[in-house]
Structure formats: structure tokens, C-alpha cells
There are 2 protein chains.
Amino acid sequence: MTLRHAVLGLLADRTASGYDLMKVFDTSLANVWPATQSQVYGELGKLAGSGLLEVSAEGPRGRKEYTITQQGIDELRSWLIDTEPDRTRRSETLLRVFFLGVLTPVESVTYLSVEAARAADEHTELERLEAQVDWGDDDLSVYGRLALEYGLRLTAMQEEWASWARDQVAGLT
Amino acid sequence: MTLRHAVLGLLADRTASGYDLMKVFDTSLANVWPATQSQVYGELGKLAGSGLLEVSAEGPRGRKEYTITQQGIDELRSWLIDTEPDRTRRSETLLRVFFLGVLTPVESVTYLSVEAARAADEHTELERLEAQVDWGDDDLSVYGRLALEYGLRLTAMQEEWASWARDQVAGLT
DNA sequence: AATTACATGTAATGAGTTACATGATTGT
DNA sequence: ACAATCATGTAACTCATTACATGTAATT
């Protein structure tokens with residue numbers, strides 16, 4: 001039930017088409033709540049069908065612009081205030097750490113080195129993004145920056161942890 | 001395709017039944033790769049059917065003990081060495097941050113305070129776990145500790161970030 | 001004229017959750 | 001006798017991914 005609220009949240013900020021929303025899912029939300037085109041178009045149809053959105057304009061090439069209704073805003077607020085986020089996490093990267101015993105020490109050290117490098121790369125990429133984006137003072141910019149800061153802290157932590165873990169494993173030999 | 005390898009990884013350490021594996025999925029792996037009973041039993045059946053596992057003993061109450069085969073070990077090693085982990089992340093907690101603009105500043109501050117407290121609680125819980133568990137020197141203990149350290153660093157980071165973000169939002173008024 | 005960007009949709013498959021269904025063994 | 005634990009399995013449903021299918025409008 002989260003994609004549903006992601007769509008409502010984006011349309012609470014501004015009216016948009018499925019095509020417009022996909023650009024946001026592929027950029028700002030790519031590391032937070034990825035979604036595919038088929039998911040988004042399907043969800044827009046369902047939300048419009050149940051009155052949380054309405055088609056406020058139709059443009060060239062079959063374009064449909066969706067606007068959130070009062071019912072949609074109520075649903076979004078109630079989701080934010082009355083429900084707890086699902087905090088289930090899956091990390092394939094970390095799962096693999098459990099099984100490093102089946103590899104040789106050299107192979108394990110390589111695995112952790114690659115993870116450290118990947119975290120460092122991602123961190124650099126986020127710094128680049130932060131410098132490059134033209135941050136406005138609209139809601140999505142203000143709160144999007146808080147989310148970006150989370151990404152910066154996360155990738156920094158991951159790099160430090162992976163380097164530490166690599167040294168731990170290297171020390172076992 | 002990851003649950004499959006989680007099962008193989010656990011059975012590479014020791015022979016076990018589905019029931020035994022569920023205890024691990026509900027404890028050590030609960031925050032890394034959660035799985036339900038119906039998933040695990042299903043996967044064991046498929047893996048035995050394709051020769052990566054075999055039923056090495058049958059016990060009371062229909063208990064079946066599974067042992068990994070050489071083919072299973074090969075598959076596990078090839079997964080670890082030749083394939084990249086899927087790093088797709090979804091965070092409902094962070095998604096909500098994007099939409100805090102629809103709440104009042106007070107409501108947003110509350111949301112971030114709750115997140116900070118939750119991260120602090122989880123951190124404390126992990127510290128308790130670290131002290132309590134009888135860490136052996138088997139592979140799963142050694143590498144499980146590295147994963148636990150990741151959890152400690154993650155929850156510490158989350159608490160700091162949420163407190164920082166709360167202060168940022170409080171400063172907007 | 002050709003390419004790129006715009007724009008929406010369906011179908012098949014796989015992964016994960018929840019609920020149901022059933023029963024045997026052990027310990028008190 | 002009762003309760004707790006052990007033990008496996010199926011069915012229905014939802015969510016997410018990948019691939020397919022189709023066509024229009026704007027730019028170079």
C-alpha cells in the first residue's frame with residue numbers, strides 16, 4: 001500500500017501525468033521508493049477509480065493530467081499520521097556477509113573491498129547531485145534535501161563499516 | 001533468487017530441517033533477509049528437486065533434515081563470487097520524509113522525533129543482543145558479528161540523522 | 001526524413017505475505 | 001490430561017519486474 005501513497009504524495013505537490021511521475025520515480029525517488037512504469041500507470045487508474053485522484057486535463061498523445069482530490073489528501077494525511085511505516089529491511093549485501101565462511105580469506109577481503117569502494121562511489125555521486133541540483137524552497141526540495149543528507153550519511157557509514165570489516169577479516173589469517 | 005541462496009548458505013554451515021532454518025530466519029536473519037515458513041519449506045522442496053540439497057535423514061513428526069550437495073556448494077560460491085548483489089533499497093520511512101510538507105511543522109517534528117527514538121531503541125536492543133549472545137568461533141558467529149556491527153552503526157546513524165532533521169524542520173518556523 | 005521524446009497501456013512471471021490445515025511428540 | 005513445542009505443507013492474494021505493444025508530436 002505504499003506505492004499508492006507515493007503517488008498521492010507526489011500529486012499533493014503538483015498536478016502531473018504518469019509520464020511526469022515516472023521522471024520523479026527514476027530520479028529523486030530512485031533510491032527511496034523505485035517503481036516501474038507499469039506499476040505507476042496501474043496505480044493512477046486505481047486511484048482515479050476510487051476517487052482519490054481525478055483526471056483534470058487531457059493533452060496531446062493521450063496525456064492525462066491527474067489532480068489529487070480532498071479525499072486523496074485526507075488519505076495521505078491519515079497514512080502519515082495514523083499509520084506506522086513498514087520498516088522491513090532486506091540487504092542482499094549483508095546476507096552475503098553471513099556466508100563469507102565458504103570463501104577463502106582473500107576472496108572475502110575482496111568482497112568487502114568492493115563494497116567499500118561502491119559505497120564511496122555512491123557517496124561521491126550524491127555529493128555531485130547535491131551540488132548540481134537547483135534546490136528551490138518548495139516542499140519537495142526542502143524535504144528531499146533531508147532525504148539526500150540521509151543518503152550521504154548512509155554511504156559514509158557503509159564505507160567505514162566495509163573497510164573496518166575488511167580489516168577484521170584480513171586479521172583472521 | 002536470493003532466498004534460495006540464503007537457504008543454501010545456512011545449510012553450508014550445518015545440516016538442518018525447515019523448522020531449524022525458521023529459527024535462524026526469525027532471529028539472526030530477521031533484519032537482513034526475513035522469510036516466512038511457507039517460503040522456506042517451498043524453497044527446500046525446489047532445491048532438493050534440482051539436486052542442490054538432499055534429504056539426509058528423516059525424523060519423528062515427518063522431520064526432514066537437508067544436507068547441501070557439492071552442486072549446492074558450487075552454486076553458493078558462484079553466487080558469492082560471480083554475481084553482484086541486488087542493491088535496490090526501499091525505505092517507507094524516508095519516503096514519508098518527502099511528503100512532510102502536507103503536515104504541520106509540529107506534526108513533522110513529531111514524526112522525526114519518533115523515528116529518532118525508534119532508532120535509539122533498536123540500537124539499545126542490538127547492544128543487548130551483542131552482550132547476550134554466546135559468540136562462538138564458527139563461521140556464522142564470526143561473520144554474524146560483522147553484520148551486527150553494521151546494525152549498530154546503522155541505528156546510531158539513523159538516530160543522529162533523525163535528530164538533526166527534526167532540528168532542521170523545527171528551525172523552519 | 002529520421003530521430004528523439006512524449007505518452008499510455010497489457011500480459012506473464014516471480015517473490016513475498018497471510019491464513020489455513022493437519023498432526024505427532026514431549027514434558028509437566 | 002493438557003499444554004507447549006515440534007513439524008510440514010497448501011491456497012489465495014498482493015506487490016514488483018520484465019517484456020511486449022502501440023502510437024503521436026516535436027526537433028534537427
Side-chain angles (χ1 to χ4, degrees), chain A residues 1-8 10-11 15-27 29-50 53 55-66 79 83-92 95, chain B residues 1-8 10-11 15-27 29-50 53 55-66 79 83-92 95:
Chain A
M1 295 288 286
T2 301
L3 176 68
R4 177 191 175 83
H5 295 105
V7 167
L8 287 173
L10 293 176
L11 291 172
T15 282
S17 66
Y19 190 84
D20 294 335
L21 293 182
M22 274 317 294
K23 282 188 260 180
V24 182
F25 278 105
D26 288 340
T27 54
L29 293 186
N31 296 301
V32 172
W33 205 268
T36 58
Q37 184 249 50
S38 73
Q39 255 187 305
V40 170
Y41 282 109
E43 202 61 54
L44 284 169
K46 283 184 230 158
L47 285 166
S50 56
L53 299 179
V55 178
S56 50
E58 305 206 21
R61 283 161 297 198
R63 177 185 174 91
K64 291 188 218 163
E65 277 199 342
Y66 291 89
W79 173 67
T83 72
E84 283 277 299
D86 177 355
R87 297 196 183 84
T88 308
R89 288 171 288 192
R90 280 194 166 76
S91 167
E92 187 175 330
L95 178 68
Chain B
M1 296 286 288
T2 299
L3 176 68
R4 175 190 177 82
H5 295 104
V7 167
L8 286 174
L10 293 176
L11 290 172
T15 282
S17 66
Y19 190 83
D20 295 334
L21 293 182
M22 275 316 294
K23 283 187 261 178
V24 183
F25 278 105
D26 288 340
T27 54
L29 292 186
N31 296 300
V32 172
W33 204 268
T36 59
Q37 185 248 52
S38 73
Q39 254 187 308
V40 170
Y41 283 109
E43 201 62 54
L44 284 169
K46 282 185 229 157
L47 285 166
S50 56
L53 299 180
V55 178
S56 50
E58 306 207 21
R61 283 162 294 199
R63 177 187 174 91
K64 292 187 216 164
E65 277 198 343
Y66 292 88
W79 173 67
T83 72
E84 283 278 300
D86 177 354
R87 298 199 182 81
T88 309
R89 289 171 287 195
R90 281 194 165 78
S91 168
E92 188 176 329
L95 179 66

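Just so we're clear, the structure is a prediction, and the values are computed from it rather than from any experiment. Chain letters run A, B, ... following the sequence lines, proteins first, then strands; residues in each count from 1.
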Practice task
Write down the distance between CG (B:Asp20) and C1' (D:dT5), rounded to a whole number of angstrom.
Solution key: 13 Å
Practice task
For residues B:Gly18 and B:Val40, report the shortest heavy-atom separation together with the two atoms involved.
Solution key: O-CG1, 4.3 Å
Problem - Whole-Å gap separating P (C:dC6) and OH (A:Tyr41) - result: 11 Å
Handout entry: Between C:dT13 (P) and B:Met1 (CE): distance, integer Å
Key = 17 Å
Practice task
Among C:dT18, C:dG9, C:dT25, find the nucleotide with the atom closest to the side chain of B:Pro60.
Solution key: C:dT25
Exercise for the section: Could you check if a side-chain atom of B:Leu10 sits within less than 4.5 angstrom of a side-chain atom of B:Tyr66, using non-hydrogen atoms only? Expected result: no
Exercise for the section: Please check the phosphate of C:dA7 (OP1 and OP2 only) for any side-chain N or O of A:Arg63 closer than 4.0 Å. Expected result: yes
Problem - Taking every non-hydrogen atom, the tightest pair across A:Glu92 and B:Trp33 - result: N-CZ3, 3.7 Å
Handout entry: Donor-acceptor pair (no angle test) under 3.5 Å: A:Gln39 side chain, D:dT17 base
Key = no
Exercise for the section: Give a yes or no on whether a salt bridge exists between B:Arg63 and B:Glu65, defined as a side-chain N under 4.0 angstrom from a carboxylate O. Expected result: yes
Practice task
Please confirm whether any donor atom in the side chain of B:Ser38 sits under 3.5 Å from an acceptor in the base of C:dT18, or the reverse.
Solution key: yes
Practice task
For A:Leu53 and C:dT8, give me the distance from atom CG to atom C1', rounded to whole Å.
Solution key: 16 Å
Exercise for the section: Measure from CG on B:Asp26 to P on C:dG16 and round the result to the nearest Å. Expected result: 15 Å
Problem - A:Lys23 side chain near C:dA5 phosphate (N/O to OP1/OP2, under 4.0 Å) - result: no
Fill in the blank from the handout: Ranking B:Lys64 and A:Ala35 by the position along DNA chain D of their nearest nucleotide, the one closer to 5' is B:Lys64
Practice task
May I ask you to evaluate whether B:Arg90 reaches the phosphate of D:dT17, defined as a side-chain N or O under 4.0 Å from OP1 or OP2?
Solution key: yes
Handout entry: Whole angstrom value for the distance that separates C1' of C:dG16 from CZ of A:Arg89
Key = 18 Å
Problem - A:Leu44 CG to C:dT8 P, straight-line distance once rounded to whole Å - result: 8 Å
Problem - Point-to-point distance, once rounded to the nearest 0.5 Å, from CG of B:Leu8 to CG of B:Leu44 - result: 9.5 Å
Practice task
Send over the distance from A:Arg61 CZ to D:dT27 P, rounded to a whole Å.
Solution key: 9 Å
